[in-house]
Each structure stands twice: as C-alpha cells, then as structure tokens.
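Heads up, the thing below is written out as structure tokens.
Everything numeric here is computed off the predicted structure, so don't read it as measured data.
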Amino acid sequence: MPSSSSLAPTPTLAVLGFKKQLVYHLHFWAFVAVAPLVIVQWRQDHFLLSWLLVFFCLNALLVIAFLRFRNTYFLKGRLFPLLAVVCATYSTSINGHAGLYWAYPAATALFFLLPLREAIVSNAIFVVVMAVVSFFKFPEADFWRITFSLGLTCVFAMVFAWLVGRLQLELTRLATTDPLTGCLNRSQLADILNNQIQMRERYERVSSLVLIDLDFFKTINDQWGHLAGDQVLKEMTLRLRKRLRESDQLFRIGGEEFMIVLPETRQKDADTLAQQLLTGISARPFLENINITASASVAEVSQGETWSIWLNRADQALYEAKSRGRNQVVNAPRYSQDQPPETDGEVADTVS
C-alpha cells in the first residue's frame with residue numbers, strides 16, 4: 001500500500017497522496033467483497049456474470065499492483081466504473097433484489113474514482129439503465145422506490161464529493177499562499193524552481209528569478225506600527241503584480257522579501273523588469289506618507305545547477321545590492337560547476 005507515514009513535501013503532493021490512498025482502499029475492499037461472488041454466481045450457473053466479476057477482480061488487483069509497485073493509476077481507474085455498472089445492472093436483471101443491492105455502492109464509488117463531471121454523466125446513465133431494468137423486473141411500486149432511492153443516493157454522493165473537492169482546493173490554497181499578501185509561500189518554492197530547471201535541461205528554455213527586499217522595513221514597523229507595515233506589504237504586492245505576466249509567479253519568502261519566477265526570460269530582460277519594479281516602489285509613497293525603496297537581485301538559471309544553488313546566487317547578489325547602498329539591482333554571476341555546492345539548509349538560512 002502507498003505509504004502515508006511520511007509527510008509529503010508539498011500540500012499538492014499531500015492531496016495526491018490521499019487520493020491514491022482512497023483509490024487503493026476502494027479497489028482493495030471491492031476485491032475482498034466481490035471475489036467470493038465469482039464462486040457463488042458460478043455455482044448458480046451464471047457463467048457470464050462470473051466472468052464479468054473475474055474481470056472486475058483482475059482490474060482491482062492491477063490497480064493495487066500498479067499503485068504499490070509503479071506508483072501509477074492503471075488506466076486511470078476507467079475500468080472500475082464500467083465493470084461495476086455492468087455487473088450491477090446484469091446481476092439485477094438475473095438475480096433481482098440480490099443484484100440490486102450492489103448498485104448503491106457502485107454508484108457511490110464512481111464519485112470518488114472519476115472526475116466529478118464524468119461521475120455525474122456515468123451515474124445519470126447508470127440510473128436510467130437501472131430504471132429500465134427495474135421497470136421490467138419488479139412491480140411498479142418497487143420500480144419507483146428503486147429509481148428514486150438510487151437517484152437520491154447519487155445526488156447525496158455527488159454533493160459530498162463536490163464539497164470534498166472544494167475543501168481540498170481551499171486547504172491547498174491556504175497551505176500554499178501567504179495569508180497576508182496572497183503570494184505563494186515557501187512550500188511551493190522547490191517544486192516551481194525545479195520545474196524551471198527541468199525546462200532548462202530538457203528544452204533549453206531559460207528562466208530567471210528576481211529577489212526584492214524592502215529597505216529599512218523594520219523602521220516602518222517601529223515608527224508607524226505593524227498594522228501599517230502589513231498595509232505596506234499588501235500594497236507592495238499589488239504594485240508588483242501590475243507589472244507581471246500571468247505566467248510569472250510571485251512569492252513572499254520572508255518578512256519583507258519577495259521572489260519572482262520569470263519563465264522564458266533571460267537575465268537581461270529580468271534586469272530591466274527589476275529596475276522598473278524598483279522604480280514603481282519608490283515612485284510614490286505608501287499609505288500617503290511612507291516613502292520606501294527596495295533592493296533587488298537577478299539570476300538566470302544555469303546548466304547543471306540545483307534550485308538551491310540558483311536561489312543562493314540570487315541571494316548573494318541581493319546581499320551585494322544591500323552592501324552597495326541599497327535601492328539598486330545587482331545581477332548574479334553565472335554559475336560554474338567548479339563552484340562548491342550549497343546545501344538546501346544553508347540556503348534556507350540565508351533567505352529566511
């Protein structure tokens with residue numbers, strides 16, 4: 001079974017991990033419940049249903065094995081809904097109420113194994129087919145009870161799955177964004193930088209990052225209070241976002257330190273943007289009477305470097321901008337593989 005004992009490195013991976021656990025357990029317990037029915041139906045001379053149940057069990061075993069040993073979802077789970085619906089419908093047509101009971105867990109499981117829209121369409125078709133079978137198989141009173149009870153079960157499962165999906169999205173958003181500014185936080189930093197490095201390694205598509213740090217921000221908190229400091233950070237975020245593209249990603253990685261990841265951007269263009277951003281910060285006061293400047297650094301990703309080295313180069317350049325008198329942009333030197341590598345822990349200490 002996929003392990004859940006260790007913490008996922010990012011909230012997104014944590015959600016994916018829980019989804020895999022759900023898929024694993026649904027298939028495992030479905031196999032446990034259905035496997036004995038293969039023999040039962042065979043002894044009752046329902047050979048076609050027995051073979052359908054065999055295919056259902058084989059699919060469950062394949063899904064479990066692929067999750068366990070290859071960490072992939074076999075055929076993305078598409079066979080489970082198909083086989084479950086076919087088996088439940090056919091079993092109802094030949095076994096009556098004994099087969100009907102399996103329609104309810106099958107309909108519910110669809111909402112946890114398929115995307116919501118696919119599950120809604122699949123269950124709508126399932127309810128219609130079961131209604132037709134029930135109409136010819138059972139008395140009229142039973143037909144109405146079966147149709148409405150199965151339909152309500154699908155509606156309740158749909159609402160629950162929809163709310164769980166919304167909850168997952170909201171929890172992921174809360175875990176990956178800074179609550180004050182709405183910027184991305186450090187939980188996504190390694191993943192996003194690694195993605196840009198992979199684009200550089202595989203497709204020669206360069207990216208740059210910009211670090212921006214407000215100058216003498218502590219004096220704002222000391223002189224005007226922390227509430228004013230929070231308002232400045234919010235306004236800072238708005239000013240930065242006005243100059244960024246949709247593909248650019250804005251992080252708040254420290255108290256008054258921001259990072260911008262610029263896909264498909266060379267260092268020269270990133271430097272131009274950084275200069276414009278600093279001009280926009282110092283051009284007019286914050287909160288009507290608070291004048292602020294900022295320092296920035298620019299670093300283009302280089303061949304063969306890790307995300308920690310890339311970030312460390314930008315951080316060292318930012319330190320240089322501060323030491324030169326602030327309110328300026330410093331470009332990080334190119335990475336050389338002869339340079340000693342920095343550890344992730346050392347980088348985390350320098351930018352925190």
Any side-chain heavy-atom pair of Asn123 and Met158 under 4.5 Å:
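SC-SC contact between Asn123 and Met158 ruled out.
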Parallel, tilted or perpendicular, as decided by the 30° and 60° cut-offs, for the rings of His27 and Phe80:
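Answer is perpendicular, since the angle exceeds 60°.
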Which label fits Tyr101 and His97: parallel for a plane angle under 30°, tilted from 30 to 60°, or perpendicular past 60°?
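Ring orientation, 0 to 90° scale: tilted.
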Closer than 3.5 angstrom, by distance alone: can the side chain of Ser149 be matched with the main-chain N or O of Ile146 as a donor-acceptor pair?
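Here the side-chain-to-backbone pair exists.
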Checking Arg205 side chain against Met199 main chain: does a donor-acceptor pair fall under 3.5 Å?
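No, because the side chain of Arg205 does not come within donor-acceptor range (under 3.5 Å) of the backbone of Met199.
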Indicate yes or no: does [X] engage [Y] in a salt bridge with an N to O separation below 4.0 Å.
{"X": "Asp271", "Y": "Lys268", "value": "no"}
{"X": "Asp248", "Y": "Arg245", "value": "yes"}
{"X": "Arg284", "Y": "Glu235", "value": "yes"}

Side chain to side chain contact (heavy atoms under 4.5 Å, CB included) partners for Thr108, two or more places apart
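For Thr108 the side chain to side chain contact (heavy atoms under 4.5 Å, CB included) partners, ignoring immediate neighbours, are Phe112, Thr153, Ala157.
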Check side chain to side chain contact (heavy atoms under 4.5 Å, CB included) between Leu75 and all other residues, then give those that pass, not counting sequence neighbours.
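Checked Leu75 against side chain to side chain contact (heavy atoms under 4.5 Å, CB included); matches are Leu79.
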Decide side chain to side chain contact (heavy atoms under 4.5 Å, CB included) for Leu211 and Ile253; before the verdict, give the C-alpha distance in whole Å, the side-chain angles of both, and the deciding distance to 0.1 Å.
CA-CA 9 Å; Leu211 293 183; Ile253 60 175; 3.8 Å; yes
Please test Asn95 against Leu49 for side chain to side chain contact (heavy atoms under 4.5 Å, CB included), starting from the C-alpha separation and ending with a verdict.
CA-CA 10 Å; Asn95 293 319; Leu49 180 57; 3.7 Å; yes
Go through the structure and list residues passing salt bridge (charged side-chain N to carboxylate O under 4.0 Å, His left out) with Glu140, not counting sequence neighbours.
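Expected list: none.
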